[in-house]
Every structure is written in structure tokens, then in C-alpha cells.
Asks: 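To start, I am sharing the structure in question, which I have written as C-alpha cells.
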There are 2 protein chains.
Amino acid sequence: MQTEHTPKSTPAISRGRGIDRVLDLLSFLHTHGRPIRIGDLVKSLNAPRSSTYEIVKTLTDAALLETTSDGKLFFGKALYFYGTDYLREHDLVRKGRDEVDRLALATGETSQFCMLHDNKYTVVHMRAGARPFGISSDIGTQVPLPWTASGRLLLSHLSAAEIRSQVSGNDLALPNGKEIDLEEFVGAVEEARRQGFCITSGLVDAYTHCLAAPVLDEESKAIATLCFVIPVDTSQKRILELRDILVESGRALSLSAPARQANLA
Amino acid sequence: MQTEHTPKSTPAISRGRGIDRVLDLLSFLHTHGRPIRIGDLVKSLNAPRSSTYEIVKTLTDAALLETTSDGKLFFGKALYFYGTDYLREHDLVRKGRDEVDRLALATGETSQFCMLHDNKYTVVHMRAGARPFGISSDIGTQVPLPWTASGRLLLSHLSAAEIRSQVSGNDLALPNGKEIDLEEFVGAVEEARRQGFCITSGLVDAYTHCLAAPVLDEESKAIATLCFVIPVDTSQKRILELRDILVESGRALSLSAPARQANLA
DNA sequence: CGAGATAGTCCGGTATACTGGACATAAGTA
DNA sequence: TACTTATGTCCAGTATACCGGACTATCTCG
């Protein structure tokens with residue numbers, strides 16, 4: 001499941017395929033998030049200079065990249081068009097976006113639509129709530145799965161063993177320095193599946209709850225999640241209210257009825 | 001200015017760079033506009049089969065492509081993220097989109113934000129008007145420059161000679177079979193620049209006017225346009241009213257004052 | 001002015017990516 | 001059954017894409 005073109009252990013510089021260089025370039029540009037000078041790019045990618053120039057030229061001609069006014073590089077128009085095409089053809093994501101916008105408007109809470117990408121929790125769409133609260137993560141932001149409620153749902157179709165192998169050691173270390181216990185996490189995933197929703201508190205930061213509901217595919221596997229990011233001081237009553245709204249929205253987007261016996265235990 | 005990786009005259013199949021194959025693939029997928037089977041892809045691209053399989057695998061692993069439920073290929077999540085990144089960093093396009101949405105809402109008319117791409121008029125964003133009228137072109141749609149009012153504005157920084165060389169013979173043939181006279185077109189471009197807006201009638205189809213205003217960069221060159229697509233039977237008064245709104249919006253997005261003596265002649 | 005970064009071009013040798021073709025399935029169809 | 005059409009894998013030879021390194025040209029800073 002590792003992406004093959006980014007050898008983790010060997011940042012070594014070897015003769016490489018042009019394609020792989022391109023993929024690395026784009027991927028780096030995404031995590032970097034801002035325009036970058038070509039020299040820095042060469043250093044960051046640890047790629048041969050002349051090849052990089054060549055590739056950048058090719059990509060720029062094809063409008064996959066653009067040069068900003070101050071000579072830096074970033075994504076170009078073609079990628080915008082391709083992204084739009086993706087959205088047009090991809091019902092689920094399109095509906096998910098609409099639902100997020102609707103939820104944020106209706107509840108005033110910061111809402112997100114998330115999917116698994118690169119084996120990470122990834123924000124596909126988000127809309128900030130009414131009160132400007134904290135820093136809401138941008139679209140495309142990736143976070144280790146154990147840090148989020150959605151992460152627990154997105155893994156909930158896997159067996160305990162599979163979960164253990166998916167979560168690399170690093171991912172269990174929270175931003176606040178604490179470490180999540182692996183077995184506890186496996187249990188939480190299990191519980192999330194049984195309940196059909198998940199709530200976590202103070203994981204990514206100390207001041208928020210994370211409240212998530214799954215979107216299921218035909219086989220009742222969570223292919224995406226909807227979630228609210230809400231202040232810790234939210235009342236229990238309000239939390240439950242939001243949870244019900246979220247679960248309902250998730251069900252509406254799902255391709256199958258939950259099939260789980262939702263409220264048994 | 002031709003994209004180098006698509007030799008027009010030689011659809012020949014020769015040993016090619018992987019990168020170029022990828023660019024061709026993406027570009028084709030965009031114009032195709034729908035998921036496609038890999039076999040058809042091979043035929044359409046006239047590319048070696050084994051290489052295509054290899055490339056598709058690589059791109060799929062990197063999430064640039066995705067396989068649909070019925071085994072067809074289309075753009076993947078990564079491209080959606082890259083497109084979002086583009087939008088986030090690209091002020092002009094972001095503002096242009098907002099303005100289009102605003103205009104469509106305020107006037108009820110179908111509105112578009114357009115730019116030059118691949119030497120074609122390209123719809124960067126659009127929003128359908130209040131009355132569902134005709135077929136509004138999707139985002140990413142490309143049309144020969146002479147067919148549109150925007151096209152005249154987007155070329156208006158060029159000399160007559162440059163314009164002649166930009167417009168290839170094919171582009172002058174309208175969908176209705178008629179042919180635009182090249183010199184007439186050059187004149188229209190000139191006039192569009194002088195006036196700071198442009199109106200065309202019955203070009204792409206017989207039932208619409210196309211009304212466009214430029215967005216200028218620091219050197220007063222049109223880098224984009226805003227436009228309305230309106231029914232032929234719109235009253236003259238209404239047209240002028242919409243024109244003023246559009247010109248004003250274009251000015252607001254511009255990086256320079258029009259600098260042209262707008263209403264001289 | 002010299003020293004040190006940075007952007008960008010150019011070129012020849014060679015490691016290897018790309019390709020054609022063979023092969024294995026499976027589905028449709030006549 | 002036999003024939004066609006599609007997807008997909010694998011392999012070895014060679015055309016060539018990629019890389020290292022040399023070279024220019026700016027720019028900045030001391």
C-alpha cells in the first residue's frame with residue numbers, strides 16, 4: 001500500500017523514471033502547500049538538477065505547473081481543470097461537499113467531509129462554522145488516523161490484525177506528546193463500528209471534540225466520513241443532537257443501509 | 001505555443017518518454033470527459049499497450065487516476081487536491097469564481113469566467129442563470145477564440161500580425177457552417193480593445209448573445225474575461241445594463257485601471 | 001572587486017525505461 | 001465448439017531519456 005515512488009528509507013539519488021520524478025514533484029508541492037523556487041525544489045526532492053529543469057519545463061508547457069510572478073513554481077491551470085473533472089464525475093465527493101456546506105450552514109459548526117488517502121485521514125472538503133473557532137484544517141490536509149474520530153470509522157472494516165499493521169508507530173504519537181495505546185485504539189475502532197459513529201476529545205488539540213459519522217458503500221464499509229469539530233465546552237445535549245444530525249446525513253449519503261444493529265448495547 | 005507532446009500531424013507511434021505519455025493521457029481524459037476503458041484509451045492515444053498498462057498502474061497507485069466500479073479509468077483524488085491547491089493560491093481565479101457566482105445570482109443570467117488555455121477560449125468557471133436556458137458549457141470546455149466575444153478580448157493585446165498567426169484556419173469555421181472572415185475578426189479584436197468590452201451574436205449558436213468584459217493585468221493586457229450568455233430576444237436596454245455591470249466587475253478584478261480612453265469614438 | 005548563491009543551458013555516455021510480441025484468461029457470440 | 005475481442009502479465013533487446021558536470025549569467029553581500 002505504500003506509494004512506490006517514494007522510497008522512505010532511501011532518500012538516495014539514483015537514476016529514476018521521469019514519471020516517478022513527476023509524481024514526487026507534485027506530491028511534494030502539495031504537502032509544501034506554497035509556491036517554491038526551483039532550486040529549493042531540487043534540494044527538497046533530492047533530484048538531479050538538470051532533470052528537474054527538464055521536467056519542470058515540460059510540466060509548465062503542459063500547464064500542470066505555473067510560474068508565479070516572483071519566479072516560483074506551483075500547480076497550474078490544467079490541474080484545476082482535472083480536479084473539476086474529478087468532482088463532476090464523482091458523485092460521492094460532490095454530494096459530500098454539498099452536505100458539508102449544508103451542515104455548516106444549518107448548525108453553525110465547522111464541518112468536514114473526509115476520506116482515506118495515502119493511508120491517512122484526509123480532509124476532502126470543509127466549511128468553517130459560524131463562530132471563527134480555532135484553526136480549521138484546509139482541504140487536502142492529512143493527519144494520522146489515530147488522531148481523529150473519522151480515522152476510527154475509516155478503519156472499521158478491517159480486522160484487528162490489519163489495523164495493527166496499518167497504523168505505523170509514529171502515528172500513535174499525538175501532537176501534545178502523549179502516546180495512544182495501540183490496543184486501546186483497536187478497541188476504539190471496533191466500538192466505532194458497533195455504534196455507527198465516533199466521538200473523540202482533545203486529540204489533535206485540547207480544545208475540541210471531534211464528532212464523526214460514516215458514509216457506507218454497498219458492503220457497509222466506511223468509504224468516507226462526515227464530521228463536526230466542536231469546542232470542548234459544548235453541552236452534552238447539544239453533542240447528542242449534533243451526533244444525530246451527522247449520523248442521519250451520513251446515512252443519506254451511504255450506498256447501503258447501515259445493516260448494523262445500531263443501538264444494541 | 002503548441003503543446004510539444006501532441007504532434008498534430010504525426011499520430012505516429014514511436015518510442016516516447018513516459019512523461020509525455022502521461023501528459024497525453026491526462027489531456028485526452030479531459031477532452032474525453034468521461035471514464036474510459038483502458039483498451040479504448042490505448043486506441044485513442046495510439047500508444048503501446050504494455051506501456052499504457054504500466055503507466056496506468058503507476059498513476060493509479062499515486063491516485064492521479066481512479067478505477068470506477070465498472071472498470072473504467074478517470075481522474076483520481078490527488079488531482080482533486082492539486083486542483084484545490086491551485087485555487088487556494090490563485091487569487092485571480094478564486095475571485096473570478098466568486099464574482100461569477102455573485103453575478104449569476106444578482107442578474108439571473110448565465111455567467112462565466114474565462115481564460116486563454118492551449119490557445120483556446122476556456123471556461124474556468126460558470127454558473128447557470130435563473131431560467132434554465134440552452135446548454136451551458138461545463139467548466140474546462142474549450143472553444144476556438146473566434147467563436148466568442150471573450151476570445152476577441154483575450155487576443156486584444158496582440159498585433160494584427162500576431163492575431164493572424166494565432167488563429168488557425170479551422171478555428172474560423174463556425175458550428176453553423178459559416179466562416180468568419182479573418183480580417184473582419186482582426187478588426188473586431190481591435191474594436192473590442194478600444195471599447196473595453198465585446199458583444200457577439202449567434203456565433204456558437206443562433207439563440208444567444210455573448211457579452212464579455214476584460215480583466216486586465218498590470219500592463220492592461222486581458223488575462224481573463226467575465227461574460228454573460230443571454231437569449232437573443234433580450235432587450236437593448238437590458239443588454240446595455242448587463243454590459244455596464246460586467247465591465248464594472250471586470251474592472252474590480254483588474255490589476256490595473258483600464259488606461260484606455262474607454263468612450264472616445 | 002572577488003566570493004558565494006542561484007538560475008539556467010548544454011552535451012556526451014550509459015543505465016534502463018519502453019516497447020513488441022508472446023502468453024494466459026475470460027466473456028461474448030455465432 | 002471455435003472464433004473474436006477484451007483485460008492483464010511477463011520478458012528481453014535496444015533506443016534513448018536521464019544524469020553529472022562543465023559552463024554562463026545574474027545578483028548580493030562584504
Side-chain angles (χ1 to χ4, degrees), chain A residues 1 3-7 10-29 32 34-76, chain B residues 1 3-7 10-29 32 34-76:
Chain A
M1 273 299 151
T3 47
E4 295 177 277
H5 59 283
T6 49
T10 34
I13 180 173
S14 76
R15 196 188 192 79
R17 282 205 305 173
I19 296 193
D20 294 331
R21 295 247 118 95
V22 169
L23 296 180
D24 285 348
L25 175 74
L26 295 176
S27 164
F28 173 81
L29 218 46
H32 187 68
R34 302 186 310 281
I36 188 176
R37 284 179 311 171
I38 196 167
D40 295 335
L41 199 56
V42 169
K43 276 178 220 143
S44 309
L45 292 173
N46 194 21
R49 224 163 63 91
S50 52
S51 312
T52 306
Y53 271 94
E54 169 75 20
I55 285 175
V56 164
K57 194 161 120 60
T58 308
L59 294 183
T60 306
D61 286 347
L64 291 212
L65 296 181
E66 260 172 37
T67 308
T68 64
S69 52
D70 55 345
K72 293 185 178 173
L73 286 170
F74 206 60
F75 295 120
Chain B
M1 271 302 150
T3 46
E4 296 176 274
H5 59 283
T6 49
T10 34
I13 181 172
S14 76
R15 196 190 190 79
R17 283 204 304 170
I19 296 192
D20 294 331
R21 296 246 117 97
V22 170
L23 296 180
D24 284 349
L25 171 55
L26 295 177
S27 163
F28 173 81
L29 218 48
H32 186 69
R34 303 184 309 281
I36 188 176
R37 284 180 310 173
I38 197 166
D40 295 336
L41 200 56
V42 169
K43 277 179 219 141
S44 308
L45 292 173
N46 194 21
R49 223 165 64 91
S50 51
S51 313
T52 306
Y53 272 93
E54 169 74 21
I55 285 175
V56 164
K57 196 162 119 57
T58 309
L59 294 183
T60 305
D61 286 346
L64 290 211
L65 296 182
E66 258 172 39
T67 309
T68 64
S69 52
D70 55 344
K72 293 185 179 171
L73 287 169
F74 205 60
F75 295 119

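Scope of the values below: all heavy atoms of this structure, side chains included, with no hydrogens, waters or symmetry mates. Since this is a predicted model, take the numbers as computed values, not measurements. All chains are named by letter (A, B, ...) in the order of the sequence lines, taking the proteins before the strands, and each is independently numbered beginning at 1.
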Asks: Determine the minimum heavy-atom distance between A:Ala62 and B:Leu23, stating which atoms define it.
Replies: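 Closest approach of A:Ala62 to B:Leu23, heavy atoms only: CB-CD1, 3.8 Å.
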
Asks: Tell me whether the side-chain N/O atoms of A:Ser51 come closer than 4.0 Å to OP1 or OP2 in D:dC19.
Replies: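 So the side-chain polar atoms of A:Ser51 do come within 4.0 Å of the phosphate oxygens OP1 or OP2 of D:dC19, strictly under.
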
Asks: Atom CG of A:Leu41 to atom P of C:dA7: distance rounded to whole Å?
Replies: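 The distance from CG of A:Leu41 to P of C:dA7 comes to 10 Å, rounded to the nearest Å.
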
Asks: Under 3.5 Å between N/O atoms: give me all the protein pairs with nucleotides 24-27 of chain D, atom names plus distance.
Replies:
none

Asks: Strictly distance-based, threshold 3.5 Å: is any side-chain N or O of A:Thr60 a donor or acceptor partner for the main-chain N or O of A:Val56?
Replies: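 Checking the backbone N and O of A:Val56 against the side chain of A:Thr60, a donor-acceptor pair under 3.5 Å is found.
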
Asks: Counting the atoms with a prime plus P, OP1 and OP2 as sugar-phosphate, which does B:Arg49 contact under 4.0 Å by heavy atoms, base, sugar-phosphate, or nothing?
Replies: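 The answer is base, as B:Arg49 lies within the cut-off (heavy atoms under 4.0 Å) of a base atom.
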
Asks: Looking at every non-hydrogen atom in both residues, tell me the closest pair between A:Leu26 and A:Phe75 and how far apart they are.
Replies: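 Looking at all heavy atoms of both residues, the closest pair is O-CZ, 3.4 Å.
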
Asks: Rounding to an integer number of Å, can you tell me how far A:Asp20 CG sits from D:dC18 P?
Replies: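 Those two atoms, CG and P, are 10 Å apart.
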
Asks: Between C:dA15 atom C1' and A:Arg17 atom CZ, what is the distance in whole Å?
Replies: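 Answer to the nearest Å: 15 Å.
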
Asks: Send over the distance from B:Ile38 CD1 to D:dG8 C1', rounded to a whole Å.
Replies: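 Taking CD1 of B:Ile38 and C1' of D:dG8, I get 8 Å after rounding.
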
Asks: Taking B:Ser44 for the side chain and B:Asp40 for the main chain, is one N or O donor matched with an acceptor at less than 3.5 Å?
Replies: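 Yes: the side chain of B:Ser44 pairs with the backbone of B:Asp40.
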
Asks: Distance check needed: C:dT19 P versus B:Glu54 CD, whole Å only.
Replies: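 Nearest whole value for this atom pair: 10 Å.
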
Asks: If you assign each of A:Ile19 and A:Tyr53 to its closest nucleotide in DNA chain C, which residue comes earlier from the 5' end?
Replies: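 Its nucleotide being nearer the 5' end, the pick is A:Tyr53.
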
Asks: Could you check A:Gly18 against A:Gly71 and say which one's nearest nucleotide on DNA chain C is further toward the 5' end?
Replies: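 Its nearest nucleotide lies further toward 5', so the answer is A:Gly71.
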
Asks: Write down the distance between CG (A:Leu45) and P (D:dC18), rounded to a whole number of angstrom.
Replies: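 In whole Å, D:dC18 P and A:Leu45 CG are 15 Å from each other.
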
Asks: Working to the nearest 0.5 Å, report the span between CG of A:Leu65 and CZ of A:Phe74.
Replies: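 Output value for this atom pair is 10.0 Å.
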
Asks: Let me know the distance between CD1 of B:Ile36 and C1' of D:dT7, rounded to the nearest Å.
Replies: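 Rounded to whole Å, this separation is 15 Å.
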
Asks: Starting from C1' on C:dG8, measure out to NZ on A:Lys72 and report it in whole angstrom.
Replies: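 Computing the A:Lys72:NZ to C:dG8:C1' distance gives 18 Å.
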
Asks: Atom OG1 of A:Thr52 and atom CD1 of A:Ile38: how far apart are they, to the nearest 0.5 Å?
Replies: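 Those atoms lie 7.0 Å apart.
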
Asks: When you measure from the side-chain N and O atoms of A:Lys57 to the phosphate of C:dT9, is any distance below 4.0 Å, counting only OP1 and OP2?
Replies: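 A:Lys57 to C:dT9 OP1/OP2: no side-chain N or O under 4.0 Å.
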
Asks: Are any of the side-chain nitrogens in B:Glu54 or A:Arg17 under 4.0 Å away from the carboxylate oxygens of its partner?
Replies: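 Between A:Arg17 and B:Glu54 there is a salt bridge, with a charged N closer than 4.0 Å to a carboxylate O.
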
